[in-house]
Amino acid sequence: MTGQDDRKGDGMDAEKMETIAKQMMQAIPHSQALGMELDEIGPGTAVAHVPYAEKLIGDPRTGVVHGGVITALLDGTCGTAVMTHPNAPGGTATIDLRIDYMRAAKPGRTITARAECYRVTRSVAFVRAIADDGDPDDPVAQANGAFTMEAHRRKGAKA
């Protein structure tokens with residue numbers, strides 16, 4: 001992938017990174033309702049999936065999963081990638097998320113999202129992600145987003 005890789009930073013131990021990422025997924029009721037599960041994390045990266053379920057179908061005639069499920073999966077995975085970035089000081093929120101849908105997901109298939117936080121500034125993190133239904137070379141959707149960076153609190157500063 002192109003672009004500047006900012007994942008050097010102060011570093012975050014693997015246990016802390018995993019705790020933060022799991023809290024991110026578990027803290028959001030919508031993610032739980034969709035059955036979203038975290039598969040893998042790394043410095044500024046995350047992989048998560050949503051298993052196929054009838055309750056997620058958007059078109060009963062075809063059995064295709066609703067596009068909103070893919071949006072939520074991409075958004076949550078991108079946010080998790082931001083929170084696991086070594087230069088990320090804490091929480092995050094979506095500023096902008098552009099999603100290009102390339103095709104319908106195949107009915108009955110688990111949808112997996114892979115996200116990379118590739119650039120962090122003082123106040124914004126930039127992320128890209130791909131969602132697929134079994135073949136990463138044939139994506140269902142791709143996303144590019146900007147996320148807020150929670151400011152470091154100075155000693156004695158009020159929240």
Closest approach of [X] to [Y] (non-hydrogen atoms, all atoms of both residues):
{"X": "Gly79", "Y": "Thr92", "answer": "O-CG2, 3.8 Å"}
{"X": "Cys117", "Y": "Ala125", "answer": "SG-CB, 3.9 Å"}
{"X": "Pro51", "Y": "Gly35", "answer": "CD-O, 3.3 Å"}
{"X": "Val65", "Y": "Val69", "answer": "CG1-CB, 3.6 Å"}
{"X": "Cys78", "Y": "Ala129", "answer": "SG-CB, 3.7 Å"}
{"X": "Gly42", "Y": "Thr84", "answer": "O-OG1, 3.1 Å"}

Mind checking the [atom1]-[atom2] spacing from [X] to [Y]? Nearest 0.5 Å is all I need.
{"X": "Glu37", "Y": "Thr110", "atom1": "CD", "atom2": "OG1", "result": "9.0 Å"}
{"X": "Arg119", "Y": "His85", "atom1": "CZ", "atom2": "NE2", "result": "9.5 Å"}
{"X": "Lys106", "Y": "Thr62", "atom1": "NZ", "atom2": "OG1", "result": "14.0 Å"}
{"X": "Met149", "Y": "Asn87", "atom1": "CE", "atom2": "CG", "result": "7.0 Å"}

If the condition is side chain to side chain contact (heavy atoms under 4.5 Å, CB included), which residues does [X] pass it with, not counting sequence neighbours?
{"X": "His30", "result": "Ile28, Leu34, Ala72"}
{"X": "Ala113", "result": "Leu73, Leu74, Thr77"}
{"X": "Asp100", "result": "Arg98, Gln142"}
{"X": "Val124", "result": "Ile95, Thr121, Phe126, Ala146"}

Any side-chain heavy-atom pair of [X] and [Y] under 4.5 Å:
{"X": "Ile57", "Y": "Tyr52", "result": "yes"}
{"X": "Val127", "Y": "Phe147", "result": "yes"}
{"X": "Ile41", "Y": "Thr80", "result": "yes"}
{"X": "Val47", "Y": "Thr112", "result": "yes"}

Short side-chain to backbone donor-acceptor contact, Thr148 and Ala93, under 3.5 Å
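Flag set: sc Thr148 to bb Ala93 pair under 3.5 Å.
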
Non-neighbouring partners of [X] that pass side chain to side chain donor-acceptor pair (under 3.5 Å), sequence neighbours left out:
{"X": "Thr71", "answer": "Tyr101"}
{"X": "Arg103", "answer": "Asp133, Asp138"}
{"X": "Thr94", "answer": "Asp75"}

What salt bridge (charged side-chain N to carboxylate O under 4.0 Å, His left out) pairs are there with at least one residue in residues 43-65, not counting sequence neighbours?
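The answer is Asp59-Arg61.
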
When clusters are formed by joining ILVMFWY residues with side-chain heavy atoms under 4.5 Å apart, either directly or through shared neighbours, do Val64 and Ile99 land in the same one?
no

State whether Asp132 and Arg114 are salt-bridged, where the test is any N-O pair (Lys NZ or Arg NE/NH1/NH2 against Asp/Glu carboxylate O) under 4.0 Å.
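Salt bridge flag = yes for Arg114 with Asp132.
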
